[in-house]
Number of protein chains: 2
Amino acid sequence: MSLATRTRRTESRPALSRDRVLRAAIEIADEGGIAAVTMRRLAESLGAEAMSLYHHVANKEQVLDGVVDVIATEINEAVGRITLPTRGAAWQGAARERILTARRLLLRHRWAPAVFESRTTTSPAVLLYYDGLVGIMRDGGFSNDLAHRAMHALGSRALGFSQELFSPGDGPTTGEPDPVMAAMAARLPHLVGMLSEVMHVDPDATLGWCDEQAEFEFGLDLILDGLDRRR
Amino acid sequence: MSLATRTRRTESRPALSRDRVLRAAIEIADEGGIAAVTMRRLAESLGAEAMSLYHHVANKEQVLDGVVDVIATEINEAVGRITLPTRGAAWQGAARERILTARRLLLRHRWAPAVFESRTTTSPAVLLYYDGLVGIMRDGGFSNDLAHRAMHALGSRALGFSQELFSPGDGPTTGEPDPVMAAMAARLPHLVGMLSEVMHVDPDATLGWCDEQAEFEFGLDLILDGLDRRR
DNA sequence: CTTGACTGCCTTACGGCGTAAGTCTACCTT
DNA sequence: AAGGTAGACTTACGCCGTAAGGCAGTCAAG
């Protein structure tokens with residue numbers, strides 16, 4: 001049987017490779033979230049055994065690093081196709097388009113922002129992405145110092161997402177009103193007032209929890225406008 | 001021996017409680033990072049067994065939820081002591097002080113931002129914090145709609161941190177120049193130029209990686225100014 | 001004073017995880 | 001043909017979260 005298995009691999013299964021491992025990881029995460037990516041499941045989805053993966057990646061951390069790199073590379077390819085002027089006042093439109101393009105790609109992988117943020121070393125592809133953004137700012141007349149602060153001010157927004165802390169009404173959306181929350185509401189007058197007025201309930205929240213596209217763009221433009229004024 | 005152990009508990013060890021469990025978890029995380037918090041280690045640090053914890057918390061997720069709540073409660077106590085005017089144009093100073101106070105407390109627990117962001121349900125204490133911030137904005141003349149957008153624009157900055165994606169020169173800071181990075185540098189002209197000019201190397205990075213206090217405040221003020229202009 | 005329920009804690013055990021160590025086999029080089 | 005090598009597999013270890021059940025101390029009702 002072990003022989004049979006082995007010859008089957010040789011006959012039909014494409015060889016393992018770092019790239020195939022990473023792409024399989026992305027596929028699994030797309031289906032079951034990042035927690036579903038385990039070395040065993042990853043191997044299984046490739047028709048191999050867990051330990052075989054270690055011939056192509058050093059450990060699981062490197063799988064996650066690689067996944068970030070693959071997605072960031074996709075982003076770089078997409079933003080590389082943007083042809084917008086960047087000189088002078090045009091910088092803002094170019095930066096905006098670049099960031100929203102990155103966001104569009106990240107929207108395909110809802111688990112990705114958390115993984116991007118969990119990496120302690122920055123992927124080369126992400127560095128390339130940032131380099132391009134800094135280049136746009138320099139074209140726009142930013143000093144290196146302002147460009148630096150701008151990157152900090154943007155934070156994860158530079159890559160097209162903002163992790164939201166605030167998720168009113170999440171959970172499995174049971175019909176029954178949570179009594180704890182009801183009691184809580186009395187102590188949250190401003191929040192309750194705000195939400196009751198503002199909740200144009202859009203169930204298609206996107207990246208992060210309540211991180212709707214319009215909200216993302218509002219925050220982004222707020223920052224880009226502020227930067228332009230300091231240019 | 002099992003009898004001895006048991007009577008020893010009755011004689012000397014303070015009883016377990018949800019609160020003691022959460023405080024022990026914070027202590028362990030402060031020492032060894034959040035990954036060091038396991039149910040077994042947590043129990044051990046309390047002189048108990050892992051399964052005993054389950055009489056006071058439903059599961060590990062609830063431990064993390066509770067930890068966030070404890071820290072957010074501390075923050076609420078601190079910001080509750082702030083006595084600054086909030087009406088009209090004064091809103092900005094009040095909001096700024098509130099946020100920087102939260103930040104000061106979070107700086108004591110460097111692992112905390114990631115845990116705050118990992119929670120899928122928002123802690124009551126965090127909601128209270130947000131409610132206060134929204135209240136300040138309302139006092140400042142914000143519409144509910146603008147206050148809502150403002151909270152989105154601030155994102156995690158509302159609580160005093162911004163997860164930075166960008167960490168030039170992290171890793172175990174080996175003296176030897178990384179040949180991979182050296183080769184990479186040629187393809188990152190803007191980034192390398194910017195950093196060589198800007199790197200007033202401050203080893204006391206604070207929350208996140210490169211998230212220095214001055215950078216945080218720059219980004220925060222950028223947003224607060226932008227909001228004030230739209231008031 | 002007994003009894004029986006309750007509470008808080010412990011013991012044992014299970015399945016899953018990442019991965020260290022060692023083995024086998026197909027293939028390439030010489 | 002001989003020997004080395006790369007890529008896959010097998011086994012096993014020590015963690016993890018937690019399900020299930022048991023046992024001692026407490027305390028109220030009879």
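Below, chain A is the first sequence line, B the second, and so on; all start at residue 1. Hydrogens, waters and symmetry mates are skipped; everything else that's a heavy atom, side chains included, is used.
Look at CD on Glu44(A): it is 12 Å from P on dC9(D), rounded to the nearest Å. The interatomic distance linking His55(A) (NE2) with dC24(C) (P) rounds to 15 Å, in whole Å. As a whole-Å value, the separation of Leu16(B) CG from dG25(D) P is 18 Å. Regarding Leu46(B), its CG atom lies at a distance of 15 Å from the P atom of dG8(C), rounded to whole Å.
Residues satisfying the side-chain hydrogen bond (donor to acceptor under 3.5 Å, both in side chains) criterion with Thr38(B), sequence neighbours excluded, are absent altogether.
Across all non-hydrogen atoms, the minimal contact from Val37(B) to Lys60(B) is O-NZ, 2.8 Å. In this structure, Leu16(A) and Leu53(A) approach most closely via the heavy-atom pair CD2-CD2, 4.4 Å.
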Check residues 25-32 of chain A and write down every donor-acceptor pair under 3.5 Å in which the side-chain atom is one partner and the other belongs to a residue at least two apart or another chain.
residue  : atom : partner   : partner atom : Å
Asp30(A) : OD1  : His109(A) : ND1          : 2.8
Asp30(A) : OD1  : Trp111(A) : NE1          : 2.7
Asp30(A) : OD2  : His109(A) : ND1          : 3.2

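His56(B) has a side-chain polar atom (N or O) that falls below the 4.0 Å cut-off from OP1 or OP2 of dC9(C).
Closest to the side chain of Glu49(A), out of dA8(D), dC9(D), dC10(C), is dC9(D).
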For a salt bridge (charged side-chain N to carboxylate O under 4.0 Å, His left out) check, start with the C-alpha distance between Arg104(A) and Glu97(A), then their side-chain angles and the critical distance, and finish with the verdict. CA-CA 10 Å; Arg104(A) 232 171 284 129; Glu97(A) 180 58 24; 3.6 Å; yes
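Salt bridge status for Arg187(B) with Asp131(A): absent, with no side-chain N to carboxylate O gap under 4.0 Å.
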Contacts under 3.5 Å, N or O only, protein and nucleotides 16-19 of chain D:
residue : atom : partner  : partner atom : Å
dC16(D) : OP1  : Thr38(B) : OG1          : 3.2
dC16(D) : N4   : Arg40(B) : NH2          : 3.4
dG17(D) : OP1  : Lys60(B) : NZ           : 2.8
dG17(D) : OP2  : Met39(B) : N            : 2.9
dG17(D) : N7   : Arg40(B) : NH2          : 2.5
dG17(D) : O6   : Arg40(B) : NH2          : 2.6
dT18(D) : OP2  : Tyr54(B) : OH           : 2.7
dT18(D) : OP2  : Lys60(B) : N            : 3.0
dT18(D) : O5'  : Tyr54(B) : OH           : 3.4

